[in-house]
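We number each residue from 1, following the sequence as shown.
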Amino acid sequence: QVHVAESGGGLVPAGGSLRLSCTASGGTFNQNTMAWFRQAPGKEREFVAANRRTGENTYYSDSVKGRFTMSRDNAENAVYLEMNMLKPEDTAVYYCAENRRLIISALGMPHMYNYWGRGTQVTVSS
């Protein structure tokens, strides 16, 4: 019933910016937890950012804090990830995830999310 789809990935030079979009349908968007994860080749899926529900704080991993900004657009049932000051180590497939509202301690756990997009590739070059 719930469908999640990401877009906006691409190739960007180091220090540049990129905005990822995620559209969610079939769920109670404003009450649900939305998150971004990423996975580089040979690496575990890594938490990037999450928001428990509309109007609450957004949480970020230490590796992206201060550079990435996650936002929600209730009118469009969408979330975004604005990525600034990109580094080559940010290169990964980025995934959007959705679940019924999660407690804060569970936000960074991939196995807690039931709905996932197929991912969008972000490549950062020198």
Is S71 close to R19 at the side-chain level, that is, under 4.5 Å between some pair of heavy atoms? no

Tell me who clusters with [X], hydrophobic residues only, linked when side chains sit under 4.5 Å apart either directly or through other members.
{"X": "Y60", "answer": "V12, L18, L20, F29, M34, W36, V48, V64, F68, M70, V79, L81, M83, L86, Y94, V122, V124"}
{"X": "Y115", "answer": "V2, V4"}
{"X": "W116", "answer": "F37, F47, Y59, V93, Y95, L102, I104, L107, M109, M112, Y113"}

So which heavy atom on [X] is nearest to which on [Y], and how close?
{"X": "G119", "Y": "E6", "answer": "N-OE1, 2.9 Å"}
{"X": "A14", "Y": "S126", "answer": "CB-CA, 4.4 Å"}
{"X": "N57", "Y": "N51", "answer": "O-ND2, 3.2 Å"}
{"X": "Q121", "Y": "A92", "answer": "NE2-O, 3.5 Å"}

Measuring from [X]:[atom1] to [Y]:[atom2], what's the distance to the nearest 0.5 Å?
{"X": "R53", "Y": "Q31", "atom1": "CZ", "atom2": "CD", "result": "5.5 Å"}
{"X": "N84", "Y": "E82", "atom1": "CG", "atom2": "CD", "result": "5.0 Å"}
{"X": "N30", "Y": "N74", "atom1": "CG", "atom2": "CG", "result": "5.5 Å"}

Might you work through the side chain to side chain contact (heavy atoms under 4.5 Å, CB included) test for R38 and T91, ending with a clear yes or no? CA-CA 9 Å; R38 66 187 183 185; T91 295; over 6 Å; no

Check whether R67 reaches the backbone of M85 with its side chain - one donor and one acceptor, N or O, closer than 3.5 Å. yes

Do side-chain atoms of T120 reach the backbone of S7 as a donor and acceptor pair under 3.5 angstrom? no

Identify, with sequence neighbours excluded, every residue that meets side-chain hydrogen bond (donor to acceptor under 3.5 Å, both in side chains) alongside T69. none

Considering residues at least two apart in sequence or located in another chain, which fulfil the side-chain hydrogen bond (donor to acceptor under 3.5 Å, both in side chains) criterion with D73? none

Is a side-chain donor-acceptor pair under 3.5 Å present for Q39 with R45? yes

For the residue pair T33 and N99, confirm or rule out a side-chain donor-acceptor distance under 3.5 Å. no

I need the full list of salt bridge (charged side-chain N to carboxylate O under 4.0 Å, His left out) pairs touching residues 96-117, with sequence neighbours left out, sorted by first then second residue. none

With a 6.0 Å cut-off (strictly less than), is the heavy-atom count around CD of E44, excluding the residue itself, greater than 12? no

Inspect the contact between K65 and D62 and indicate whether a charged nitrogen and a carboxylate oxygen are less than 4.0 angstrom apart. yes

